[in-house]
Asker: 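So that we are looking at the same thing, I have put the structure below in structure tokens.
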2 protein chains.
Amino acid sequence: MLHSYEHARPSVTVDCAVFGLDGDQLSVLLVERAVPPFEGCWALPGGFVGIDEDLEAAARRELEEETGIALTWLEQLYTFGAPDRDPRGRVITVAFYALVKTTRDGLRGSTDARDARWFPADAHPALAFDHDAILAVARARLRSKVSWQPVGFELLPERFTLTQLQQLYETVLGRSLDKRNFRRKVLALGLLAETEVRSSGPGRPARLYRFDRDEYARLEAEGFVFEL
Amino acid sequence: MLHSYEHARPSVTVDCAVFGLDGDQLSVLLVERAVPPFEGCWALPGGFVGIDEDLEAAARRELEEETGIALTWLEQLYTFGAPDRDPRGRVITVAFYALVKTTRDGLRGSTDARDARWFPADAHPALAFDHDAILAVARARLRSKVSWQPVGFELLPERFTLTQLQQLYETVLGRSLDKRNFRRKVLALGLLAETEVRSSGPGRPARLYRFDRDEYARLEAEGFVFEL
DNA sequence: GCAAAAGTGTTTATGTTACACCCATGT
DNA sequence: ACATGGGTGTAACATAAACACTTTTGC
């Protein structure tokens, strides 16, 4: 086996597919590139990994720098390393996917202010590099993740209605769910704690719930699996 | 955003957790390191990625070089990039996991010939670098993968008995399964094709089956999910 | 009082678990 | 004939799916 310094080294970047919820639409955060290659193209936020920087830390830093977004949840997705994926030379990217809580207002705030914007996950411009492929993998992963890990809550505000939760699942899974069955199942998990009532919109006010993280941690330690 | 050549670059390696079956034991292929660091330590087979080499191709090449193993199945696992994981400096490794069909004889052949050996997956020496952690992640991934993708067959010979298949699942999942329920369920999938009968061991000869890849490909295209 | 969304039970079908005996072969 | 592993069915139970009306609020 050879030592590392005897080899030509690739560059390593991190890229991040950040998902949020705009109403009941799944949206993804993109940045407009200011420099070549792909200048003016939309791309996933990301950048080079520091020589002494942990991969996840790099992803968080790049997101903070490029979009100002405070991440609640982030997980490694896949590493893309096709030799020709970057015209500048050999660049291997470790892709992450992330979920953020976006209220409609918070969203609007960061939508216009910078060269970073939310796009509907199923209607976004063609992306730079192989980012279309990365995003597709991220969406697929989110879809499967959501049904056996309680990550959907990361997309919702701290307090949410069961209808919001159901719409989230319908959006991510891409199919409609039966209201009564959904409510029964999700409540039977014993992971939602009741709160007061909201009044806002038209129609009857809905009860607000919050996800009970402590209870989930406890159950998980006992070998419980989420499954929805 | 900066250009790649303005950055100090990490080295990038691939490492591979190769699983095989020794009787009804899950085993893992390790190599003894011939050079520092960790000289004389056991480690996952792996090495540096060529500057124009695809990641998966690199993994296959290293395995071929170090162990002479012909891979049937290989998938990316996770990328490990803690800044201090390699004493030589910054080395990011893209880990893969692989499954090989090992008959008892084929296994014995490559067991002694080189500094590569099979070890029981739950009783192996402490490994170099962070390879213990990588192997643990690989085992966990295999466990969950096996129940919703038909990858277990990659560990068995082309033709196998239902008892072999059941033992494989019991080994990987780490719990015992009911014989009748297992057989009914697995046959109901319609993915096993019958063959002649084997005579070998003591007791009544068992029917041999093979996994019908074509049928699986067809069903998968229709949205079928494996699930066992 | 009407529009809008929240909330609530029962029946049916489907899948999962538990369980014990006879069969075919080699020695 | 006996030891060894192969093969088979049914009943109880649990989980998932289908389905429509009443309730509470704002206007």
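Note that the structure is predicted; figures quoted are calculated from it, not measured. Sequence lines set the chain letters: A, B, ... in the order given, protein chains first and strands last, and positions in each chain run from 1. The figures here come from the full heavy-atom set of this structure, side chains too, leaving out hydrogens, waters and symmetry mates.
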Asker: Using whole Å, report how far CD of A/Q166 lies from P of C/dG7.
Answerer: 11 Å
Asker: Mind listing the closest non-hydrogen atom pair of B/L74 and B/A98 along with its distance?
Answerer: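 Nearest heavy atoms, B/L74 then B/A98: CD1-CB, 3.7 Å.
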Asker: The side chain of B/P202 is closest to which nucleotide in this list: D/dG7, C/dG7, D/dG5?
Answerer: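 The answer is D/dG5, which lies nearest to the side chain.
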Asker: Are any of the side-chain nitrogens in A/E56 or A/R60 under 4.0 Å away from the carboxylate oxygens of its partner?
Answerer: yes
Asker: Could one point to a donor on the side chain of A/R184 or the base of C/dT10 with an acceptor on the other under 3.5 Å away?
Answerer: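 Counting by modelled atom types and ignoring angles, a donor-acceptor contact under 3.5 Å is found here.
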Asker: Just how far, in rounded Å, is C1' of C/dC21 from CZ of B/R183?
Answerer: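 The distance from CZ of B/R183 to C1' of C/dC21 comes to 14 Å, rounded to the nearest Å.
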Asker: Please work out whether the ring planes of A/Y216 and A/F211 are parallel, tilted or perpendicular, with thresholds of 30° and 60°.
Answerer: tilted
Asker: Residues of residues 170-181 of chain B with any non-hydrogen atom less than 4.0 angstrom from an atom of DNA chain D: list those, numerically ordered, please.
Answerer: B/K179, B/R180
Asker: Can you tell me how far C1' of C/dA5 sits from CD of A/Q164, to the nearest Å?
Answerer: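 Answer to the nearest Å: 13 Å.
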Asker: Side-chain donor or acceptor of A/R204 under 3.5 Å from a matching atom on the base of D/dT23?
Answerer: yes
Asker: Please walk me through it: do A/D15 and A/T93 pass side-chain hydrogen bond (donor to acceptor under 3.5 Å, both in side chains)?
Answerer: CA-CA 7 Å; A/D15 287 304; A/T93 194; 2.7 Å; yes
Asker: Starting from P on C/dA5, measure out to CG on A/D24 and report it in whole angstrom.
Answerer: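 In whole Å, C/dA5 P lies 12 Å from A/D24 CG.
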Asker: Would you indicate whether the side-chain heavy atoms of A/Y209 and A/E194 approach each other to under 4.5 Å?
Answerer: yes
Asker: Kindly state each residue pair satisfying salt bridge (Lys or Arg N to Asp or Glu O under 4.0 Å) with at least one member in residues 142-167 of chain A, sequence neighbours excluded.
Answerer: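 Output for this query lists A/E75-A/K145, A/E154-A/R213.
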Asker: In this structure, how many angstroms lie between the P atom of D/dG7 and the CG atom of B/L192, rounded?
Answerer: 12 Å
Asker: Just how far, in rounded Å, is C1' of C/dG15 from CG of B/L187?
Answerer: 17 Å
Asker: Please report the distance, rounded to the nearest Å, between NZ in A/K185 and C1' in C/dG9.
Answerer: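 Going from NZ in A/K185 over to C1' in C/dG9 covers 18 Å.
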Asker: CZ of A/R198 versus C1' of C/dG7: gap in Å, rounded?
Answerer: 14 Å
Asker: Do any side-chain nitrogens or oxygens of B/T163 fall under 4.0 Å of OP1 or OP2 in D/dG6?
Answerer: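 For D/dG6, OP1 or OP2 has a side-chain N or O of B/T163 closer than 4.0 Å.
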Asker: Please report the C-alpha distance between B/W73 and B/F19 in whole Å, then the side-chain angles of each, then the deciding distance to 0.1 Å, and finally whether the side-chain contact (heavy atoms from CB on, under 4.5 Å) criterion is met.
Answerer: CA-CA 10 Å; B/W73 189 88; B/F19 294 103; over 6 Å; no
Asker: Taking any heavy-atom pair under 4.0 Å as a contact, classify A/R207: base, sugar-phosphate, or nothing.
Answerer: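 The residue A/R207 makes sugar-phosphate contact but no base contact.
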